[in-house]
Amino acid sequence: MNEAAPPPKENMGAPLPRVDARLKVMGKASYPADIPVNNLAHGLLVTSVIARGRIKTLHLEQARAVPGVIDIMTHEDVRGELEPPEFGTSGSTSIGPLHDTKIWHDGQIIALVIAETIEAAREAAMRIAADCEEEKPSTSFGSEGTETAAGDASEQFKEDVKVGDFNAAFASAEVKIDAEYLMPAHHHNPIELFSTTAYWQGDELTVHEPSQNVWGWRAEIARQLKIAPERVRVVSPYIGGAFGSKGPITPRTAIVALAARKLGRPVRCVVTRSQAFTTQTYRAETRHHIQIGATRDGKITSLKHEGWEVTSRPDPYVVGGTTTTGRMYDYGSVLTKVSLVKTDRPTPSYMRSPPETPYVYALENAMDEMAVALDMDPVEFRRINDAMKEPIEGRPFSSRSLMECYDQAAQAFGWSRRKPGVGDMRDGDWLIGMGCATAIYPTNIAPCAVRITLTDDGHARVQTASHEIGTGVRTIAAQLTAEQLGLDPRAVEVEMGDTRLPPAPVAGGSNTTASVSSAIIKACGEIRDKLIDAAVTGDSGPLTGRNPAAVTFQDGKLVTAAESQDLKDVFKHLGSGVIEQYTEFRPDAASPEAVSNLYKGKMEMVSGEKGEKVKYAFGAEFVEVRIHRRTREIRVPRIVGAFAGGRIMNTRTARSQLMGGMIWGISSALHEATEFDRRNARVVNRDLQDYLVPVNADIEDVEVILIPEVDKDVNPAGVKGLGELGNVGTAAAIASAVYHATGKRIRELPIRIDSLI
């Protein structure tokens, strides 16, 4: 064992190396844009240079004259050929960029050039000019012409949680905090660019595209193309970065598929880095107003959390994180309100920990401000307000190991050495600050189907249309199947990311491990039952007549306390050399139609906020910042996080996910922000030169602590999910550490040198 492969504690799986690691490091893993296709034509998007208005004329003559250009698709080619896209779980937006001449946002698709080479397509795209009727756009909060709507008017957001009389409790509070916090828009910048490769074989369409939701995409592609879903295959075996960016489908896919049908040959369109800032999804910009009232001994009596979120004109995308922040602590009274601010921007969507990252950032900042106002240690302030029941309806948490996380992380970090006074800790010219914050994420789960094939020689194949987006689910599926059937993990093959496989939910919301594992456990149980029945009811054999409940599976054998029987011999009793088990898993709290809807591409995710008990994963993060007293350069030399996520299936992949999340949290605190020209609602920093992300030199010591936790209420696998948890509290912890070092309370991210001068 080593730091990258932590030894398992109670209720944790072994750190099995990733089963696809060798393929990836050798460059043999097949990503969608790498798939070889014969007679391939290359597509390139042309995008608008205005943010609001209408196209009058597209000048295509010079572009069509470029040698190698095959065709140019515009609104005149798409109108009537495609159904408009739908906004929802599978669809990113209702904006149909080529369905008419209306321009909804900067960088909207206005044409698709198809050529024999990418170079020809690029040259032609540069020669296309558009005459437009331009209107004044609205960019963000405070811009003229925005519209404000209630968040609970959207189907994506059910309610503004509240309890008690906040106004009375806040008015009578002995200590009060009243502050606003802002988190900017963030854009996905995965190393793998967004792409679509589409080709037809007769009336059958195949799409190779990096996707977190192939069955959902199949249904939406078919609907837009007006064909049966059975005629569409979506393939995405590996993804080079996702975490929300490849969850909802964008309108580009159907446009490229239509182009391939019109031309009668395959078309591949790879979106440029710059175009990804306007044709793909992003994290919504949010503004928060928080009021907290407390007694002088630290007991919170009232919380108000208002949030405003930027969305597009037509689509009510809701972040809606108050459903989590309103339940985090024992507040007494709670009042929340979420509002949408409609602007001339693309529709935002999911980005790692979509609701929790911005909303918990604001709340945990305010918690630190209150601890300072009370002259109280921030950890002890949270301990005083910790609770085993959520405050809105008084339902118990299925498990809540938050303070265990704080205690272990604080000890590993050396929190006891922290001097509480602002600016009291120094190392030469460097001011040292220490901060902490809570991480939280709901335990989601969804219906899932798997097919497991077991042969008499002890080999198994697991098939499900779930997705390996880097979280390690392919490894976990192999590991769990081997554990359940008593096999060597190397004898288990896993196939994923194809609509020819049994349907699975979107790889998002930290539901994948829980959903896939629960389906595997059910399927393996059904296989075991068949084999045990054959062994104990056979005419002869060492297990004949034994109690079925006493039989287990180990090392390719069926085993009791005194006897064992080889798998091959048990298969002989069955009269077969193979068992193929197709199993559908439906969470207890899901609707009766949940599985049938899954086959229709409609996923029903059961949130941890539902049910008799509230189900969340928790964590605590501690950071040290160093700020140069003269230059105000900011460094984060170390960060420690302790996390409790129910059963940990694999300590290696769990640590990797949490470490990656914490690094992303550092990025959101100090680096990332999508900058807009407010006059024209245009993205300014649309490349990796100007959109800042951390590099190796920015990240030093990252320590992850896995807290043992058993929770039998969450799902059959006992898994809470970790992929989204790690980056939730990081930005707030850094902001708190910056205050501790400098006395400056920075409430708007990112925190950069100019924030501290």
Side-chain angles (χ1 to χ4, degrees), residues 30-48 58 60 63-64 66 68-75 77-78 81-82 85 91-93 95-99 107-128 188-200 205-211 214 217 220-221 224-225 232-236 239-242 245-246 248-281 346 686:
S30 297
Y31 294 85
D34 300 330
I35 303 296
V37 180
N38 290 329
N39 196 29
L40 184 65
H42 297 270
L44 193 70
L45 301 177
V46 182
T47 55
S48 70
L58 280 175
L60 308 177
R64 292 192 187 278
V66 173
V69 169
I70 302 168
D71 198 4
I72 300 174
M73 287 186 60
T74 69
H75 58 275
D77 303 285
V78 169
E81 294 288 328
L82 294 176
S92 66
T93 181
I95 296 172
L98 298 186
H99 286 258
Q108 178 178 313
I109 299 169
I110 59 174
L112 173 67
V113 177
I114 306 108
E116 297 290 352
T117 65
I118 189 63
E119 292 80 9
R122 186 179 298 118
E123 181 179 351
M126 294 174 64
R127 294 189 179 190
I128 293 177
H188 297 275
N189 276 281
I191 296 303
E192 177 197 32
L193 295 172
F194 302 97
S195 69
T196 304
T197 303
Y199 56 87
W200 296 77
L205 169 65
T206 299
V207 173
H208 293 274
E209 182 166 342
S211 169
V214 289
W217 287 27
E220 178 60 12
I221 292 168
Q224 290 187 46
L225 288 167
V232 179
R233 180 188 180 193
V234 183
V235 187
S236 183
I239 301 174
S245 64
K246 296 161 185 173
I249 193 171
T250 66
R252 177 192 74 252
T253 305
I255 294 170
V256 175
L258 178 63
R261 185 168 67 183
K262 283 180 170 290
L263 296 179
R265 63 185 289 189
V267 175
R268 173 171 292 160
C269 175
V270 179
V271 178
T272 68
R273 179 71 63 187
S274 174
Q275 290 172 342
F277 279 79
T278 59
T279 63
Q280 292 294 143
T281 59
R686 54 179 78 197

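Between Val235 and Pro32, the shortest heavy-atom contact is O-CG, 4.5 Å. Across all non-hydrogen atoms, the minimal contact from Ala41 to Ile70 is CB-CD1, 3.9 Å. Closest approach of Gln224 and Ala254 over heavy atoms only: OE1-CB, 3.2 Å. The two residues Asp71 and Arg64 make their nearest non-hydrogen contact at OD1-NH1, 3.6 Å. Closest approach of His188 and Ser245 over heavy atoms only: CG-CB, 3.1 Å. In this structure, Tyr31 and Gly240 approach most closely via the heavy-atom pair CE2-N, 3.5 Å.
Evaluation of the side-chain contact (heavy atoms from CB on, under 4.5 Å) rule for Ala260 yields Ala198, Trp200, Val267 as partners, not counting sequence neighbours. Partners of Glu119 according to the side chain to side chain donor-acceptor pair (under 3.5 Å) rule, which considers only residues two or more places apart in sequence or in another chain, do not exist here. Arg122 meets the salt bridge (Lys or Arg N to Asp or Glu O under 4.0 Å) test with no other residue; sequence neighbours excluded. Scanning for salt bridge (Lys or Arg N to Asp or Glu O under 4.0 Å) contacts around Asp34 gives an empty result, with sequence neighbours left out.
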Criterion side chain to side chain contact (heavy atoms under 4.5 Å, CB included) on Arg261 and Leu205, from CA distance to verdict: CA-CA 9 Å; Arg261 185 168 67 183; Leu205 169 65; over 6 Å; no
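The side-chain heavy atoms of Ile95 and Pro251, taken from C-beta on, include no pair separated by under 4.5 Å. Here the side chains of Thr279 and Thr250 are not in contact, with every heavy-atom distance at 4.5 Å or above. Annotation: side chain of Ser30 is in contact with side chain of Ile35 (closest heavy-atom distance under 4.5 Å). Between Thr74 and Ile110, the closest side-chain pair of non-hydrogen atoms is not below 4.5 Å. Looking only at side-chain heavy atoms (C-beta outward), Leu82 and Leu225 come within less than 4.5 Å of each other. Residues Leu44 and Thr272 form a side-chain contact, since some pair of their non-hydrogen atoms from C-beta on lies under 4.5 Å apart. Two residues are said to be in side-chain contact when any heavy atoms from C-beta on lie closer than 4.5 Å; Lys246 and Pro190 meet this criterion. At a threshold of 4.5 Å between non-hydrogen side-chain atoms, the residues Cys269 and Leu45 count as touching.
Residue Thr117 holds its OG1 atom at 7.0 Å from NE2 of His42, rounded to the nearest 0.5 Å. To the nearest 0.5 Å, the span separating CD on Gln280 from CZ on Phe194 amounts to 4.5 Å. Here CD1 of Ile221 is found 12.5 Å from CG of Leu258. Values are rounded to the nearest 0.5 Å. Here Ile72 contributes atom CD1 and Ile114 contributes atom CD1; the two are 8.0 Å apart, rounded to the nearest 0.5 Å. For the atom pair Ile128 CD1 and Thr47 OG1, the distance stands at 10.5 Å (nearest 0.5 Å). A distance of 6.5 Å separates NE2 of His208 from CZ of Arg233, quoted to the nearest 0.5 Å.
For residues 262-281, the pairs satisfying salt bridge (Lys or Arg N to Asp or Glu O under 4.0 Å) are Glu116-Arg265, with sequence neighbours left out. Within the structure, the salt bridge (Lys or Arg N to Asp or Glu O under 4.0 Å) test picks out the following pairs touching residues 250-260 (sequence neighbours left out): Glu209-Arg252.
Under a cut-off of 6.0 angstrom, the local environment of CG in Asn39 is crowded, with over 12 non-hydrogen atoms contributed by other residues, nucleotides or ligands.
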